[in-house]
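Computed from heavy atoms alone, side chains included, the values below leave out hydrogens, waters and symmetry copies. Chain identifiers are assigned alphabetically (A, B, ...) following the order of the sequence lines, protein sequences preceding nucleic acid strands; residue numbering begins at 1 within each chain.
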Protein chains: 2
Amino acid sequence: MALSAPETRPYHHGDLRRALIDAALDLAERHGAERVTLREVARQLGVSAAAPFRHFASRKALMTAVGVEANERLALEMRRALARAGASPLARLRALSRGYVGWALRHAGHFRIVSARDELDVDGTPALQAGMHALRDLTEDTVRAAQAAGELRPDDDAERLALLARAAAYGLARMHHDDHFRQWGVAPGREAEAMEGTLNLLLSMMARR
Amino acid sequence: MALSAPETRPYHHGDLRRALIDAALDLAERHGAERVTLREVARQLGVSAAAPFRHFASRKALMTAVGVEANERLALEMRRALARAGASPLARLRALSRGYVGWALRHAGHFRIVSARDELDVDGTPALQAGMHALRDLTEDTVRAAQAAGELRPDDDAERLALLARAAAYGLARMHHDDHFRQWGVAPGREAEAMEGTLNLLLSMMARR
DNA sequence: ACCTGAACACCGTTCAAGT
DNA sequence: ACCTGAACACCGTTCAAGT
């Protein structure tokens, strides 16, 4: 038996903190955010139920760390959508909205985590605040650029337009997440289509003609 | 001691089922939906933890009964708003939206319960399905009436317009509930104002001019 | 017919004790 | 410094037993 290498690591993990976050992200993605329990995460990693408390003061603290990560992924997705969108300011706004609801659709567990802010310590986590603020700025900047280009009516307040766009996107994403669509006549399997069509309707109304 | 009167009732309640629903509604309203636990409800009523299971097969079954009641109250509120709104079709649509977000704002716990459909057995509860469907019809009918009166552009699909209006209202209500507004530049105490202003912006865009 | 008491398998969290 | 084991106060749920 060697004196060095893998056996050198302590009980189980070199970086349990990191492993806990990853396992939580994985659990949320595969089985939903409500299945992310400290004991289950610990079980996945083969450590005791008390082990996570060496790295996170509470369940909320772990969820907050997971939220930071999830929000970064959402931001990445939206920036990518923007990068692919080309130059037309209105198309950029559409890309941003589609990027948002698309990510929420494909990553329901992570979407739920960044949504449910009573499970997150936003105030005590500057990184999370900054990340969320950055997404808001991205939306507002895109709205302002569209106004400057004459593609949105200039008399509407940019902040309010951005809030409306976000409310519609968040509303659609949550309606899907909370299973409201069946009640609203959206055929199963056509949710993405309905969300996109509804967002397009909004954007066409926002555009001056 | 009399042979009749109050002492005649069994252990505690004449109608424990009804009392459980009322206590749950009360708890949700005062301390939030997540505090509605079967054990806590039982405690409030002075019965054992097992007693609720005589009347509801599971927590979900109780929440569903509570959801039926909450949805009825929401419907009542929206119908009242409509009744007060007068004849202008656009004003009626505005009243409907305001009624929705206003109720959500004032009854956060009940709003949360009708929102979180994974905690409700919608499929197995015709009364709930019917109640929710009625609210959708109310919105669509109001949209159609506004179109017929020439106050909304007739070329837009009524179903899609109704979905957009609902997505915006639900999005705003949930953004508030999930504490997103601070991140979106809405000053504390001015949430209702921001929600109304945003809905008015949407309605002004929906209107033909 | 309706309710209780005790039990079981889960949680989050704490703390003394181990390496 | 980091982790375990046992404990505590909570859950939802079940079931035999009481009235």
Tell me if the CZ atom of B:Arg190 is crowded by more than 12 foreign heavy atoms within 6.0 Å. no

Distance col, row A:Leu161:CG vs A:Thr142:OG1, nearest 0.5 angstrom, shows 12.5 Å

Take atom NE2 of A:His55 and atom P of D:dA1, then tell me their distance rounded to the nearest Å. 13 Å

Give me the stems containing DNA chain D, sorted by first residue, counting only three or more consecutive Watson-Crick or G-U pairs with both distances under 3.5 Å; say none if there aren't any. C:4-8 with D:12-16, C:12-16 with D:4-8

What string of B, S and - do you get for nucleotides 7-15 of chain C, 5' to 3', if B is base contact, S is sugar-phosphate-only contact and - is no contact with any protein heavy atom under 4.0 Å? B---BBBBB

The test is side chain to side chain contact (heavy atoms under 4.5 Å, CB included); show your working for A:Leu172 and A:Glu191 and say whether it passes. CA-CA 9 Å; A:Leu172 287 168; A:Glu191 292 89 356; over 6 Å; no

Quick test of your reading of the model: are B:Glu77 and B:Arg73 salt-bridged, counting only N-O distances below 4.0 Å? no

Given the side-chain rings of A:Trp103 and A:His107, with only the six-membered ring counted for Trp, is the space between their centroids under 6.0 Å? yes

Is the shortest side-chain N to carboxylate O distance from B:Glu196 to B:Arg98 below 4.0 Å? yes

What verdict does the side chain to side chain contact (heavy atoms under 4.5 Å, CB included) test give for B:Met206 and B:Leu90, after you've listed the backbone C-alpha separation in whole Å, the side-chain angles of each residue and the deciding distance to 0.1 Å? CA-CA 9 Å; B:Met206 283 170 69; B:Leu90 210 62; 5.9 Å; no

Among A:Asp15, A:Leu16, A:Leu62, which residue satisfies the side-chain contact (heavy atoms from CB on, under 4.5 Å) criterion with A:His55? A:Leu16

In whole angstroms, the gap separating C1' of C:dC2 from CG of B:Leu45 amounts to 15 Å

